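Residue numbers begin at 1 in each chain, while the letters A, B, ... track the order of the sequences. All figures in this text were calculated on a predicted structure; none of them were measured in a lab.
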4 protein chains.
Amino acid sequence: MLKSGPRPGRPRDSHIDQAVLKAARELLAESGYTRVTMDATAARAGVGKAAIYRRFGSKAELLFAAAVHGMDIEPPADSGSLRGDLRAMAQVIHERLATPAAREVTPALLAEMSRDPALAARLQSTFVARERRDLEVIMERAHQRGELSRPGDPALAHLLLGGPLFVALLVLPGPLDEDRLDDIASVIAAGLIAHASGPARSG
Amino acid sequence: MLKSGPRPGRPRDSHIDQAVLKAARELLAESGYTRVTMDATAARAGVGKAAIYRRFGSKAELLFAAAVHGMDIEPPADSGSLRGDLRAMAQVIHERLATPAAREVTPALLAEMSRDPALAARLQSTFVARERRDLEVIMERAHQRGELSRPGDPALAHLLLGGPLFVALLVLPGPLDEDRLDDIASVIAAGLIAHASGPARSG
Amino acid sequence: MLKSGPRPGRPRDSHIDQAVLKAARELLAESGYTRVTMDATAARAGVGKAAIYRRFGSKAELLFAAAVHGMDIEPPADSGSLRGDLRAMAQVIHERLATPAAREVTPALLAEMSRDPALAARLQSTFVARERRDLEVIMERAHQRGELSRPGDPALAHLLLGGPLFVALLVLPGPLDEDRLDDIASVIAAGLIAHASGPARSG
Amino acid sequence: MLKSGPRPGRPRDSHIDQAVLKAARELLAESGYTRVTMDATAARAGVGKAAIYRRFGSKAELLFAAAVHGMDIEPPADSGSLRGDLRAMAQVIHERLATPAAREVTPALLAEMSRDPALAARLQSTFVARERRDLEVIMERAHQRGELSRPGDPALAHLLLGGPLFVALLVLPGPLDEDRLDDIASVIAAGLIAHASGPARSG
DNA sequence: CAGTAAGCGAGACGGTACGTCCTGTCTTCTC
DNA sequence: GAGAAGACAGGACGTACCGTCTCGCTTACTG
């Protein structure tokens, strides 16, 4: 029973949530993670620091929330082929990681994760799990379609697809163009298909 | 003519370079990036802070240098197959990224890179370029062997191979086991081979 | 209308003012000016450094405030003679300058004054002006008493009385004994009386 | 037997002594004691720091030497009266203290003295002792002249004369004009004369 | 409609690290 | 050896930031 009814006292002002996230997002894009300060965020939002900490437990949580704000992905539509589905999925992941805010926040979030297992678990169970589930659907479809002789491991597929995108956006200098996304999806689709025909393993 | 001869004044003590990097590496493995302090590093190295700042412009530069210190990779031996070569390459990359120091420093380094183009360029021209060159050799060998109908793009291969390893180490909780490395190398080898047989593109 | 009402935000904690000044005074007496550090002061006061810098712009300001804290002098009582009044005044000035804290701070303060006119002005308008005013009262009394044919210049009297005490405490090794104070007051009283009988000058 | 013959090795370059003192004096007048640094002094003098430390044991010694450089006082000429002699003596002391370098160095020197008894003793035995000896001559002359019924205590006279000058120059804002020096000498002369006629004391 | 609980802006607070600066010493090479 | 150049240990300075706390005020639900 989670419902607690209207709590006593003055209710939170939802305008503040928006103002804070907006300010955080702007500062993130302007200055980079470490140069965003809670004081500056509060000042730009026209808000007290306490109002922020009432909503977000730490700078990391705030900036994470700011970066992922509005990042809901559509369920992966069936394109008719594994390759097409992976290409669509690559597009989704790419868009999500390519925003300025996301590019700033991601490295800092990784750093935070290595120190804060709770945060790590939370991210695992949301973003990673969601993407993996989508991949599962895609691979199951490919199995039914006959492309894959076995459904295969969605975690492996996720690693193979997401890893290159992740690295390309965060580590490499230039942007990722459409052709590159095509190639990535293409190689991985072919690879997974060939791999599924190989000897099954116990894992 | 870059040779400048022995500069005047007392030369830098190379023992200090070693002591500082050693202290930084130890503290990094013990405490994590943010908990390494310049004071503690100087104290453990038995060195003044100025001696550190004379060598490294900031904490980020120091810890980067400490993490990558001595990370030379051997030229990729020919295993007889593309799949085998990729598997060996995966092992090398994995070992390099899996050290405690590297795991601590990498996220902070990514954050720094997005703000310091000089640092980014430096990393590109060393680590990334070196790995890419190795991949180029591997793919050329596969081409000569007849596995690949075209030599292909080493940058794409690098992305496909390194990306999953990178992400696995930084984002995923557990370690990467041998089977996973096998799978990754296997899928990518198969995918590259299939991809090379497809229609050539203008890019 | 200067009244500004209660400023917004959390008000300063006056306990901290006291704790900081107390800690600074103690350290000053224990260690001497240069060996008092802001960190040590903050630590002993159980206070963050920022709280100190919020109140005192620099180490010099803090230690000055610590040294002069609570140095209020009583109005000079009428002893019945100029000589007696000057002797009492000498006692007061001497006591003020002879505290360990004052002996430590004074030289540093002088150095600071030559570079910071605002600090100099502040000292002029408090300590110097107050002592001079007291001398003025003393000389006026002596004039009314008939000891001085003219009231005379209190600034001159202040210089003549305070100068020797100041120098004795800062330059000379040993302490000033009672006899010395007697002599100083005696010579100056006699000198002022004789001087007042001389020809008036235009200045 | 202090003479040790020509020491082995390269003899000191006396041009350096001059260059160092000149640089120190300039920096002192420009910036104030604490802002003079040994590095800056060495740089301006075109000299290594070691060459300075070979000549002066510390910053305090260097700046003291720089400030008092060339400050030899002539023996006090007989003006025909105690008042005249004191006036001349006041002039000498004033000139010595009024140089920009002296005004900067004196407070810092006082601070140093309170911590370094050796330095204090050295100053006592040079400047203070020399001025006191001159006063002794002056007072003895006044005694012989009949102005003073007893020779009196030169240390007291020194305090009475030097103290006001010291304070006027270092503590008070404005300059000391001629009239003020007249007044000081006049009051003290009269006071000493009156004091000498009073009851002798054992001290 | 008074009471209470909480939200709010502002900003002080403890703690902690940073990067700079300076002193006095030491180490190189050159004269 | 003296000299210029500059590295070195040590340590203080003043700034910045985080996350918490404390003011006085406002806003809603409660009895």
Note to self: The criterion is side chain to side chain contact (heavy atoms under 4.5 Å, CB included); which residues satisfy it with D/Ala45, sequence neighbours excluded?
What the structure shows: D/Ala19, D/Val20, D/Ala23, D/Val47

Identify all pairs in which a protein N or O lies below 3.5 Å from an N or O of nucleotides 23-26 of chain F, and state each distance.
unit_1 : atom_1 : unit_2  : atom_2 : d
F/dT26 : O2     : A/Arg10 : NH1    : 2.9

Next item on the list: Please state whether the base of E/dG11 and the side chain of A/Lys49 form at least one donor-acceptor pair under 3.5 Å?
Entry: no

Notebook entry, point to check: For A/Ala66 and A/Ala24, which heavy atoms make the closest approach, and how far apart are they?
Noted result: CB-CB, 3.8 Å

Notebook entry, point to check: D/Thr106 versus D/Leu170: any side-chain heavy-atom pair under 4.5 Å?
Noted result: yes

Note to self: So, using side chain to side chain contact (heavy atoms under 4.5 Å, CB included) as the criterion, who are the partners of D/Gln124 when residues are at least two apart?
What the structure shows: C/Val171, C/Leu172, C/Pro173, D/Met113, D/Val128

Check: How many angstroms lie between atom CZ of B/Phe64 and atom CZ of B/Phe56, to the nearest 0.5 angstrom?
Finding: 10.5 Å

Check: Which whole-number value in Å describes the distance from D/Asp39 CG to E/dC26 P?
Finding: 17 Å

Notebook entry, point to check: Can you find a heavy atom in the side chain of B/Glu104 that is under 4.5 Å from one in the side chain of B/Val36?
Noted result: no

Note to self: Tell me every residue that passes salt bridge (charged side-chain N to carboxylate O under 4.0 Å, His left out) with D/Asp39, counting only those two or more places apart in sequence or in another chain.
What the structure shows: D/Lys49

Next item on the list: Output the residues of residues 50-62 of chain B in contact with DNA chain F, where contact means a heavy atom of the residue under 4.0 Å from an atom of the strand; sort by number or write none.
Entry: B/Ala51, B/Arg54, B/Arg55

Check: Do A/Leu21 and A/Leu62 have side-chain heavy atoms sitting under 4.5 Å apart?
Finding: yes

Item checked: Value rounded to 0.5 Å, distance of CE in B/Met38 from CG in B/Leu27 -> 11.0 Å

Note to self: What is the separation between atom CZ on B/Arg12 and atom C1' on E/dC26, rounded to the nearest whole Å?
What the structure shows: 16 Å

Note to self: Going by side chain to side chain donor-acceptor pair (under 3.5 Å), name the pairs with one or both residues in residues 50-65 of chain C, residues two or more places apart or in two chains.
What the structure shows: C/Asp17-C/Arg55

Next item on the list: Could you identify which residues of residues 13-37 of chain A place a heavy atom less than 4.0 Å from some atom of DNA chain F, listed by residue number, or say none?
Entry: A/Val36, A/Thr37

Item checked: Axis deviation across the helix from E/dC1-F/dG31 to E/dC31-F/dG1, five-pair ends, to the nearest 10° -> 10°

Margin query: Tell me which pairs pass side chain to side chain donor-acceptor pair (under 3.5 Å) where either residue lies in residues 29-38 of chain B, with sequence neighbours left out.
Written below: A/Arg115-B/Thr34, B/Glu30-B/Arg44

Item checked: Residue pair C/Leu28, C/Leu63: steps toward the side chain to side chain contact (heavy atoms under 4.5 Å, CB included) verdict -> CA-CA 8 Å; C/Leu28 211 40; C/Leu63 293 193; 3.9 Å; yes

Check: Rounded to whole angstroms, how far apart are CE on D/Met38 and P on F/dA4?
Finding: 14 Å

Next item on the list: Take B/Lys22 and B/Arg25 through the test side chain to side chain contact (heavy atoms under 4.5 Å, CB included) and record every step on the way to the result.
Entry: CA-CA 5 Å; B/Lys22 181 165 176 288; B/Arg25 223 161 32 240; 4.2 Å; yes

